[in-house]
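First the structure, in the form of structure tokens, and then the observations on it.
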Amino acid sequence: MRFLTKVTIVVAATLFSTQLFALPKHDPVPGGVAVIPVPLSTSAAHFNSRPVMLLKQGGEQYAIVGISLKTNPGDYPLELIHDRTGPTDQRQSNLNVAVGTKEYRVQRLTIANKRKVNPYKEDMDRIIRERNEMNKAFKSFDKLAQPATAFELPTEGPISSPFGLKRILNDQPRNPHSGLDIAAPTGTDIRAPAAGRVTAVGNYFFNGNTVLLDHGQGLISMYCHMSKTKVAIGDVLASGDLIGKVGQTGRVTGPHLHWSVSLNNARVNPNLFITETP
Ligand code: ZN
């Protein structure tokens with residue numbers, strides 16, 4: 001019996017060599033991102049029951065895992081599903097994500113509008129409805145093959161409040177700061193930091209005039225406290241397109257952009273996605 005020798009020519013993955021995919025920075029801590037190499041056979045991954053982004057770069061594949069601020073340091077499973085290419089292939093396997101410790105500073109703020117710290121009973125229906133609307137957008141997993149993971153800063157100005165601060169508002173403990181604040185005068189342009197689709201636009205109780213962008217594979221960004229929004233749900237934006245203008249709507253101490261970045265429904269440090277300019 002004769003076998004034909006099959007010569008397999010491995011063709012370089014031109015799809016990935018022609019375009020540079022910037023991976024986010026690996027910072028496996030609460031509020032950070034874990035960049036975990038996974039086998040090329042991996043077709044899906046889950047962390048904390050949420051689908052996880054998979055990126056191919058330089059002939060390798062990586063799971064890009066968002067770690068929520070509420071995560072305790074320790075070991076957590078990353079569940080992988082593999083494409084079946086032969087009868088002995090394993091269909092599922094686990095990798096470990098080791099989450100380290102990170103201490104965030106405490107920030108005390110005084111909010112003049114006390115109702116924004118202790119809402120009235122009649123505000124609660126609105127707050128819950130808006131939270132559900134935002135959560136739905138944050139939980140989206142658009143199976144885009146090529147998500148936009150290299151971000152530019154959405155507006156210009158000093159960082160007035162970094163990501164992750166433990167917050168005490170009017171002497172009362174509140175949720176940690178789940179984004180970063182860029183201070184800028186009212187009316188300053190806010191631009192899309194990367195390509196994305198507008199999935200929510202609202203005037204929310206705490207966040208004021210707000211836009212959410214879906215960048216694909218569970219990577220979502222949010223822009224808050226705007227004086228004006230300039231987009232509508234369904235708009236497809238390129239990097240640099242105008243989203244709205246800086247303002248001080250919602251719960252604020254002054255005009256600024258609050259910018260949140262979320263990955264597999266975990267709010268993470270936006271700085272990890274900012275591309276370094278050489
Ligand atoms: Zn903020």
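We use all heavy atoms of the structure for the numbers below, so side chains are in, but hydrogens, waters and symmetry mates are not. All residue numbers in this chain count up from 1 along the given sequence. One-based numbering, in listed order, for ligands and for the atoms of each. Values in this document were obtained by computation on a predicted structure and should not be read as measured data.
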Next on the checklist: Strictly under 2.8 Å, is the Zn ion (ligand 1) approached by any N, O or S atom of C224?
Outcome noted: no
Checklist entry - Ignoring hydrogens and geometry, is there a side-chain-to-backbone donor-acceptor pair from N48 to R50 under 3.5 Å? => result no
Checklist entry - Counting only heavy atoms not in K228, do more than 12 sit closer than 6.0 Å to its NZ atom? => result no
Next on the checklist: Report the atom name of the nearest N/O/S atom of D181 relative to the Zn ion (ligand 1).
Outcome noted: OD1
Next on the checklist: Under 4.0 Å between a side-chain nitrogen and a carboxylate oxygen: does that hold for R115 and D123?
Outcome noted: yes
Item to check | CA sep, side-chain torsions, deciding dist, call: L78, N94, side-chain contact (heavy atoms from CB on, under 4.5 Å) | outcome: CA-CA 5 Å; L78 173 66; N94 280 5; over 6 Å; no
Item to check | Angular separation of ND1 (H258) and NE2 (H177) seen from the Zn ion (ligand 1), to 10° | outcome: 100°
